[in-house]
Structure formats: structure tokens, C-alpha cells
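A quick write-up on the structure given underneath.
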Amino acid sequence: MGGRGARDAGAPLNVPPILASTFALGGERAYSRDDATPTWEAFEEVLGGLEHGQAVAFASGMASIAAIFDLLPIGAEIALANDCYQGVVGLATAGADQGRWSVRRLAADDTSGWQAMARSADLLWLESPSNPQLVVADLPAILATPRKPGAIAAVDNTLSTPLGQRPLDLGADLVVHSASKYLGGHSDLLLGVAVSSADELAQRLRRRRVLAGAIPGALEAYLALRGVRTLPLRLARATATASRLAERLLRHPDVTRVRYPGLATHPGHQTARRFMHGFGAIVSFDVNGDARRAEAVCNRLEIVQHATQPRRRRIDDRAPRRRRRPGAPSAYPPAAQRRL
């Protein structure tokens, strides 16, 4: 997988967290904000290898996304899916309010709409499967469409991971991950990464990282790299669990809709089958009733702890414990389904 330490006898197998801001002059590094650390570079090497590009690590997923948006010229046009991560919506809206760019929203599965936007947009921002409605975009068709000169096609690959799809191989210019999610896998870090198909674009992102100070922490990079090494095992189990849960929810009398690309009933199932390697480990569903009913279901969720801590802890331990009536809906939150 790469990202290992020196192969000298007695050297550590893994690159340790290098907790340094300054280095002795005369070497390849002087100040870590400008010159990075071996820990970041080990993480970037592995992610670049998985996505088949050059990776640039950031302090968070939103920091990597903001760096990409900062590459746009004043007056740029952005194509953004109707259903996507709300942090991206907030960033795009704030920039539009300042007059930095204009935003066009369209459905993630509107392939002809995206192909039309490719001729005029400066940034195509795709997220597939989308968050939270799990809409599948036809990435091969969209990314194969000729784009406006200088335009950027970026794909948020957080929910699929490089094991599920590799957008750079399909024609994207950039791929983004929130490494806080699947890649890190243990809810103990904040980190982001952008992966480029071109050296020039990667260099521009590194420059934005330096100027904005959006640098990753050494400990976070170390933990994320450790998490990535177990990603295949974790994702395989989580995906199998999600598939079983989706099938059970589909049969539940109080569930009116289940969203999971692995279901034959999902509108994007056939599209996903053409290019995705697995359908992911996120399931969303609607329950029969109003918002209060949905909130009641959420309040009854239980979080499965690690195997060394068998007791199930309620989200709110102050609430009295009640026995679940037979047939009542029960589901685990996405974080538990991922088992990361």
C-alpha cells in the first residue's frame, strides 16, 4: 500500500507522527506549513495510490473543498447537485452572496443536464452517491463529456471511498474525501484530502493550503493512515450489514421508502452496477408518519459499542430504558452501520 517508513534495519515500519513545526536548516524542510512533514506525506502517498492521482491533505474535508473553490475566478459558474453535503451548499451560497460566482442547481441523476453544464460551468461539483438521499450520478457519462477549457470536474468520493469507485479514472480532475469518515474510521480525527489527476492542479492546491494555513495535524494524518490500512476489511463488513439492513427495512410495514443503491428498487441501481464496486454502507429511509414520528425513531436508536464494551449505551443515558415492542422499527445510525 505504500506510506511506510525507511527500510533500514531497526527503523520503524510505519512513519511515526512527526510533531515538529520547524526543522534544522540545510535539509529539504524548514517550516512544516510550507514543507509538510513525513507523516502527511505518508498519508498522501497512500491516498494518491488508491485514487490513482496526487493527494494533498488538509485540516478537514471542508478545508479541501474551500481550497478548490478558491481556485475559481471571479464571476465563475458552478454546477451543484440539488442533494449534496450541506457544508458545500453553505460555502457555495456564501460565495454567491458575495458576488464571487453564480450557482446552478440540478439533480444528481440529470445526466443530460450535467452534460449541458459541462460546456459552460467553471466547476462541476458532483457527489455520488449523494448525501443524504443516495442519488447515483452517471459519472462515466458526465465526466466523458467535453468541458469548457480550464473547467474543473470534482467528485466528492467520501461515501463510496476509492474502493467503491475511482472518479479520476472516469475523467474527473479532482476527487475529495472527508478522511474523518470512512478513511479514518474511528471517529477520532478531522482530516480532508483532495486528489488531482494533474501535477499542476496539485501544486495549486498545495499553494492554497500554505496561504490559508489549512494544514493537517501530524497526529491526525498518522491516525488516518492507520485507519486506511484496515479500510478493505471494515468496508466489506459494513457494506454487507447495510445490504441486509436495507432488505429488512424494505419489508417493514412502518417504512415507506428505503434509499440504498444496492436495492433493485433504487432508481440508480442499474447505473451504479455499471461502474461502482459495491454499493456503499449508508442507508436512509422514510418512516410512516410525520416529523415527530421520525424524531421518535431517531431517539430510540442504540449505538453498538466495540466488542470489548458489550453494553449498549442509549444515545441519552438519562432517558428511562423501555422494552421495544415486538415489530417496532429499530435501526442503527449511519456511523454505526459503517462500523468505522
Side-chain angles (χ1 to χ4, degrees), residues 81-86 107-110 127-139 158-161 163-165 181-182 185 187 231-307 310-316 319-340:
N82 289 336
D83 181 50
C84 69
Y85 183 56
Q86 289 304 300
D109 54 359
D110 180 5
E127 182 179 306
S128 181
S130 66
N131 180 4
Q133 296 187 27
L134 303 179
V135 180
V136 177
D138 191 342
L139 294 182
T158 298
L159 293 195
S160 183
T161 82
L163 304 185
Q165 63 189 15
K181 311 299 190 305
Y182 283 116
S187 302
L231 178 63
L233 294 174
R234 292 185 287 106
L235 188 62
R237 177 58 64 88
T239 299
T241 301
S243 179
R244 291 183 60 189
L245 178 62
E247 293 285 355
R248 292 179 62 181
L249 288 170
L250 200 62
R251 298 190 298 268
H252 199 290
D254 287 332
V255 173
T256 60
R257 183 176 181 181
V258 181
R259 301 178 186 87
Y260 182 65
L263 293 174
T265 56
H266 189 279
H269 176 69
Q270 293 301 325
T271 301
R273 285 187 63 183
R274 282 195 287 107
F275 67 93
M276 291 183 68
H277 307 286
F279 300 107
I282 303 293
V283 178
S284 68
F285 61 95
D286 298 342
V287 295
N288 188 28
D290 56 15
R292 288 180 297 180
R293 177 71 192 284
E295 186 69 21
V297 173
C298 292
N299 287 337
R300 295 181 66 182
L301 293 177
E302 296 177 349
I303 299 175
V304 177
Q305 303 243 334
H306 294 293
R311 186 178 77 90
R312 290 183 175 179
R313 179 177 60 83
R314 297 184 64 86
I315 292 177
D316 184 356
R321 292 184 177 273
R322 295 176 294 178
R323 295 181 62 86
R324 183 184 295 113
R325 62 180 175 80
S330 175
Y332 296 115
Q337 283 301 307
R338 291 194 300 264
R339 305 285 299 178
L340 306 183

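For reference, positions follow the sequence shown, starting with 1.
- Taking each heavy atom of Ser128 and Ser160 in turn, the nearest pair found is O-CB, 4.3 Å.
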task = Test Leu249 against Val283 for side chain to side chain contact (heavy atoms under 4.5 Å, CB included), laying out the working first.
result = CA-CA 10 Å; Leu249 288 170; Val283 178; 3.9 Å; yes
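- Counting only heavy atoms from C-beta outward, the side chains of Ile282 and Pro129 never approach each other to under 4.5 Å.
- In this structure the side chain of Leu231 reaches within 4.5 angstrom of the side chain of Leu163, judged on heavy atoms.
- Scanning for salt bridge (Lys or Arg N to Asp or Glu O under 4.0 Å) contacts around Asp109 gives an empty result, with sequence neighbours left out.
- Residues that satisfy the side chain to side chain contact (heavy atoms under 4.5 Å, CB included) test with Asn82, not counting sequence neighbours, are Arg105, Ala107.
- Between the side chain of Gln86 and the backbone N or O of Cys84, at least one donor-acceptor pair lies under 3.5 Å.
- Asn288 places no side-chain N or O within donor-acceptor distance of the main-chain N or O of Thr256, the cut-off being under 3.5 Å.
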With a cut-off of 3.5 Å and sequence neighbours excluded, list every side-chain donor-acceptor pair involving residues 270-277.
from, atom 1, to, atom 2, distance (Å)
Arg274, NH2, Asp138, OD1, 3.2
Arg274, NH2, Asp138, OD2, 2.8

Throw together a table of side-chain donor-acceptor distances under 3.5 angstrom for residues 257-268, partners on residues two or more places apart or in other chains.
from, atom 1, to, atom 2, distance (Å)
Arg259, NH1, Asp286, OD1, 3.0
Arg259, NH2, Asp286, OD1, 3.4
Arg259, NH2, Asp286, OD2, 3.0
Tyr260, OH, Gly280, O, 2.7
His266, ND1, Gly268, N, 2.8
His266, NE2, Leu134, O, 2.9

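- Taking CD of Gln133 as the reference point, atom CG of Asp83 lies at 4.0 Å (rounded to 0.5 Å).
- With sequence neighbours left out, the salt bridge (Lys or Arg N to Asp or Glu O under 4.0 Å) criterion links Arg251 to no other residue.
- Side-chain atoms of Glu127 come within 3.5 Å of backbone atoms of Asn131 as a donor-acceptor pair (strictly under, hydrogens ignored).
- Using modelled atom types, no side-chain atom of Ser243 and backbone atom of Thr239 make a donor-acceptor pair closer than 3.5 Å.
- Arg244 pairs by the salt bridge (Lys or Arg N to Asp or Glu O under 4.0 Å) definition with nothing, not counting sequence neighbours.
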